[in-house]
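Just below is one structure, and these are the notes that go with it.
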2 protein chains.
Amino acid sequence: MTDVSIKRLNASQRDFDSALSALLAWDDSVDHQVNESVRHILHEVKTRGDQAVLEFTEKFDRLKAGSVAELEMGQERLQQALKAIPQDQRVALEQAADRVRDYHERQNQTSWQYEDADGTVLGQKVTPLDRAGLYVPGGKAAYPSSVLMNAIPAKVAGVGEVIMVVPTPDGVVNDMVLAAAAIAGVDRVFTIGGAQAVAALAYGTDTIPSVDKIVGPGNIFVATAKREVFGVVGIDMIAGPSEILVICDGKTDPDWIAMDLFSQAEHDEQAQSILVSPDAEFLDAVQASINKLLPTMERSEIIAESMGSRAALIQVADLSEAAKVSNRIAPEHLELSVEDPVALVEEIRHAGAIFMGRYTAEALGDYCAGPNHVLPTSGTARFSSPLGVYDFQKRSSLIGFSAQGADRMGRVASVLARGEGLTAHARSAEYRIAGESNE
Amino acid sequence: MTDVSIKRLNASQRDFDSALSALLAWDDSVDHQVNESVRHILHEVKTRGDQAVLEFTEKFDRLKAGSVAELEMGQERLQQALKAIPQDQRVALEQAADRVRDYHERQNQTSWQYEDADGTVLGQKVTPLDRAGLYVPGGKAAYPSSVLMNAIPAKVAGVGEVIMVVPTPDGVVNDMVLAAAAIAGVDRVFTIGGAQAVAALAYGTDTIPSVDKIVGPGNIFVATAKREVFGVVGIDMIAGPSEILVICDGKTDPDWIAMDLFSQAEHDEQAQSILVSPDAEFLDAVQASINKLLPTMERSEIIAESMGSRAALIQVADLSEAAKVSNRIAPEHLELSVEDPVALVEEIRHAGAIFMGRYTAEALGDYCAGPNHVLPTSGTARFSSPLGVYDFQKRSSLIGFSAQGADRMGRVASVLARGEGLTAHARSAEYRIAGESNE
C-alpha cells in the first residue's frame, strides 16, 4: 500500500472559504430508480399488508416464511442470544446500556402548569409516544451499539412499545444485536428489513402494529422509505456521511490523532475526517503517523479511500480561529484535543457532540460514555440535536380560562381576530365576555 | 342560504372505525407542476441570487425594484406602522405579545453537566440558532398573530437575528403585520415572498443572509419550497388543514359550540370541525345553532363548504369514549367543554393544544393566551409538538474523560468496537488505556 496524501489547507489562504466549501460538498443527488422502487414497495405493503411483506422478504432476504408471525422473534430468543454471546461482550453491553440509560434519564421532561392572577391556567403536558419502531441494519453492518442508542431513549421516555425490525438475509442472525435488544428492553422483534419493513411500521399490517415514529439507520432504500412515510409517522433525521473534526494544539500524540481520524474514515468511503491545528509541524507529524499506521489497519482500503478523497489537515493561526472553522463546519463529532478544553468549548456554537481533552476519543462516545451516538451530520448541527428522550415525547399545550380571564382576554382576542378578518374567531371569544354573551 | 347538514356518526355503529378514517382522509397528493415550478425557482435563486429574486418578485408580485436592498424595510418603517395602526390594535398586539413571551420564557432550556466517580464529565450544552427566517404570507391572508407566534419564541430562545420575509403584491403593505414585527423584535424585513423568498433564506444572496431554519406558514409554493430546502436548513412542520375537536358534555350553550366550530371552518374549505358528545339532543341543538348562525357569518360560504364536506357530530357512550375517539384523531385543537376538564385531560394522550372548560374558546389560544398557535395537524400530534423555544435551540453533547475514566471505559469501548469489526475505533480507545498506549 502506498502512502495516502491528505489535503492541506490554511485558513489564511485567500481562497480558503471556497476551498472549505468544496471539501465539505458531497453528492446527495436523488436516485430516481431507488425512489421508484421504494414507492412501489410502500404501495404494495400499504395495500396488501402481510402478504406483500412476505413476498419482499423472500425476494430480498431469500427468506421464505408461511406467515409474518413466523418472522417474529420471541423474548426467549433474545434471552438465548444474551446467553450465547461471550461473557465480556455481555458485560460490555450491560455497562454501556447502564451509562446510556443514566445519561438519558436526565433528559426526561416533566409537565408543568401555572396560574395567572385571573385564575387562568397555562401549561404543557408531556406524554410519550404510544409506539416507536426501530430499524436495525442486518448482515455485515450489524451494530448492537445502535440498538442501545435508539431503544434506550425510547424506553426512558416511557414509550409503550418499542418494535424492532432487523433483516436476516439468508437467515443469518447476529446474536450480539439480539442481546442488545434484550438489554435495551425492546418489546417485539420482526426479522424483516428494507423499505418493506419501514412500510409495515408506518402503515401497520394484520401482524405488525403501526408505530408513531421510526428511528434508526439504514441503507439508501431504508432512508428513502423513511423520507416518503414522513408525515404518516415521525422519523429521526436522515443521516449523511459521518464526520469528525479534531482541533489539536499540537501536544497530543500524533498516533492518537491519526487513529481518531481513522475511526471515522473506517465507516465508509464518504466519511470525512478533518484535523485543525495551529501547529504546522504537528500536521506533518500526523501525516507521518497516518502513513505509518495505515498498513496496520484491517479496513485500510476504506480508510485510504475516505482519507484520500475527503480528509483534510487545516492550519490555523490559533485555537480561536480553529473554533471559527469548526463553527463554520458544524461537525457531527468534535474533538477538542487541547490543554484547556473547558475554555475552548465556550467558543463552540455548533456541534453534535463535543469530546473534551486528550483522553476523550470519539470511540468512547460512540459506545459507552452515555450520550447518544446518533448525531446531526453534514452541518445540520447548526439547527438540530443528538437523538434523545425528547424525540420520543411530545408536548400538548394546556389552556384553561376562568370566566374572569376569558372576559379580559376575550377582548384582546376580539380586536386581533377582527383585525385579521376572522369574525367567527372574534364572536367565539366575544360570547365569553360578560354581558356580551347571548345566553 | 340553505341549511348545512353535518355528518352524524355514532361510536357504537359497526363501521365507526372506517367511517372515521374516511372522515379524516384528505387529499395531500403532490402537484407535479408546483414541484417543477418550485425547483426551477430554487435553482435560479441558488445560482443567480439577488438578480433572480428581483425577477421573480417583479413577475409574481408585480413589484419592480432596482436592487434587493430597496426591498428591505428598515426599523423606522416598522415603528411607523406601529404608530399608524389604531390604538386598540396596538394595545391588543402588545398584550398578546407579553403573554406569549411570558409563556415561552418558561420553555427556555439550560445547559447542564455532571461528573461521575472517575472524574468524567458528561452534559449537554444548549445554544440558540444563529439566524432564523420567518415567512409571513402577504395579501389577503396576512396574520399579525402569526408574526408574534413565530418570532417571539425565536427571540426568547436567543436567536441572534430573525429575518422576516413578507410579500407585498402590487406594493400593498399590511401595517398590522409590520407593527407585530416591531413588537416581536424582528431584526430585518424583506418584502419578498413565494418560493423565491424561501430560496433566498436557505441559500443566501449577496443582500439576504442565509438562515439556519425557516418557519412560518405559506401557500403550496412556500410549503413545497420549504420541503425541498429541508436539510440545507431546518424547517418547522409542513401544516395540513387546520382542525378542531370539541368534546362537550352537553351543558355548554350550543351557540358557543357552533361558533367554536365555525372559528375553525372559516379558515378554509379543507378545515375540519368535529364535535363529540354523549348527548344526542345536544348534537341536535348544535346542528340547529349552526343553521341559525350560519347566515350571520361574514365567511358563511367557506364555513358552509367546510362544514358540509368535512365536519362531523359524533355521538359517544360517555366522556371516556369521547377521549378515546380524540386520541384516535390526535387533533390539532381540542376543546374540553365539560364540567370537570381537569379529570378528562388525564385521559388525553395526543393533542396539539388542549382548551379546558367552557370559557376557553380556541380563539383565545389562537391570539393571546400565551401558548403557541402553530400546532401539529392531521394526527401528527401523535409524535410532534407545538412550535416553541425548543425549535430555536439545539443541544451539543459534552463528554470529557479523565485519564482514569478513559482507562476504565476504553476497555468497554474496545470490546464493543471489536464486536462490530471496527478496529480503528477499538485502537483509538485502547491508546487511552494505561499501559496499552504505544507512547
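The chains referred to below are lettered A, B, ... by the order of the sequence lines, with proteins before strands, and numbering in each begins at 1. As a basis for the values below, the full set of heavy atoms in this structure was taken, side chains included, without hydrogen atoms, waters or symmetry mates.
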Out of A/V121, A/V232, A/T120, A/N372, which one racks up the most heavy-atom pairs below 4.5 Å with chain B?
A/V232
Given B/S384, B/G379, B/A96, B/A429, the one with more heavy-atom pairs under 4.5 angstrom with chain A than any other is B/S384
Centroid-centroid under 6.0 Å between B/H333 and B/H373 rings
no
Of A/N327, A/I303, A/I348, the largest count of non-hydrogen pairs under 4.5 angstrom with chain B goes to A/I348
Side chain, backbone, both or neither: which part of B/V91 has a non-hydrogen atom closer than 4.5 Å to chain A?
neither
Which answer fits A/S145, side chain, backbone, both or neither, if we ask what part of it has an atom under 4.5 Å from a heavy atom of chain B?
both
Is the side chain of A/T377 donor-acceptor paired with the backbone N or O of A/G240 at a distance under 3.5 Å, no angle test?
yes
What residue, out of A/A258, A/A330, A/G400, A/G357, has the most heavy-atom pairs lying under 4.5 Å from chain B?
A/G400
Could you check B/E346 against A/K125 for salt bridge (Lys or Arg N to Asp or Glu O under 4.0 Å), going step by step and ending with a plain yes or no?
CA-CA 10 Å; B/E346 292 300 316; A/K125 173 178 160 132; 5.2 Å; no
Closer than 4.0 angstrom, basic N to acidic O: yes or no for A/D116 and B/R99?
yes
Which atoms of B/E335 approach chain A - backbone, side chain, both or neither, heavy atom under 4.5 Å:
side chain
Residue B/F392 versus chain A: region with a heavy atom under 4.5 Å
neither
Ranking A/K394, A/H425, A/R427 by heavy-atom pairs under 4.5 Å to chain B gives rank one to A/H425
Pick one of side chain, backbone, both or neither for B/L93, based on which atoms fall under 4.5 Å of a heavy atom in chain A.
both
Any side-chain donor near an acceptor of the partner, A/E420 and B/Y367, under 3.5 Å
yes
Does atom CZ (A/R299) have a neighbourhood of more than 12 heavy atoms from anything else shown, all under 6.0 Å?
yes
With a 4.0 Å cut-off, would you call A/R411 and B/D88 a salt bridge?
no
Heavy-atom nearest pair, A/S111 first then A/V126, reads OG-N, 2.8 Å
Is A/D212 salt-bridged to A/R131, going by a charged N under 4.0 Å from an acidic O?
no
Interface moiety of B/T423 toward chain A, non-hydrogen atoms closer than 4.5 Å:
both
With only heavy atoms counted, which part of B/M176 is less than 4.5 Å from chain A, the side chain, the backbone, both or neither?
side chain
Using non-hydrogen atoms and a 4.5 Å limit, figure out which bit of B/T296 sits close to chain A: side chain, backbone, both or neither.
both
Engaged part of B/T380 at the chain A interface, taking heavy atoms whose separation is under 4.5 Å
side chain
Are A/D102 and B/Y114 close enough that some pair of their side-chain heavy atoms sits under 4.5 Å apart?
yes
Between B/A132, B/G123, B/G388, which shows the greatest number of heavy-atom pairs under 4.5 Å with chain A?
B/G123
For B/P341, which atoms come within 4.5 Å of any heavy atom of chain A: side chain, backbone, both, or neither?
neither
Could you tell me whether A/W112 and B/Y103 have their ring centroids closer than 6.0 angstrom?
yes
Of the listed residues (A/Q264, A/R395, A/M259), which shares the most heavy-atom pairs with chain B below a 4.5 Å separation?
A/R395
Let me know if B/V211 has heavy atoms under 4.5 Å from chain A in its side chain, its backbone, both or neither.
backbone
State plainly whether the residues A/D130 and B/R349 are in salt-bridge range, i.e. N to O under 4.0 Å.
yes
So which residue, A/L364, A/V415, A/V342, ends up with the most heavy-atom pairs under 4.5 Å with chain B?
A/L364
Which one, B/Q393, B/Q124, B/M237, B/Q89, leads in non-hydrogen pairs under 4.5 Å with chain A?
B/Q124
Pair count under 4.5 Å, heavy atoms only, with chain A: among B/A406, B/G419, B/S385, highest is B/S385
Examine whether an atom of B/A381 lies under 4.5 Å from a heavy atom of chain A, and if so say whether it belongs to the side chain, the backbone or both; otherwise answer neither.
backbone
Can you confirm whether B/R106 is buried at CZ, in the sense that more than 12 heavy atoms of other residues, nucleotides or ligands lie under 6.0 Å from that atom?
yes
Please state whether the side chain, the backbone, both or neither of B/H350 comes within less than 4.5 Å of a heavy atom of chain A.
both
Could you tell me whether A/R408 and A/D118 have a side-chain N and a carboxylate O separated by less than 4.0 Å?
yes
May I ask you to name which of B/G410, B/A403, B/S414 has the most heavy-atom pairs under 4.5 Å with chain A?
B/A403
Greatest number of non-hydrogen atom pairs under 4.5 angstrom with chain A, of B/R418, B/Q107, B/H267, B/M409, falls to B/M409
May I ask you to decide whether B/R358 forms a salt bridge with B/D260, counting only side-chain N to carboxylate O separations under 4.0 Å?
no
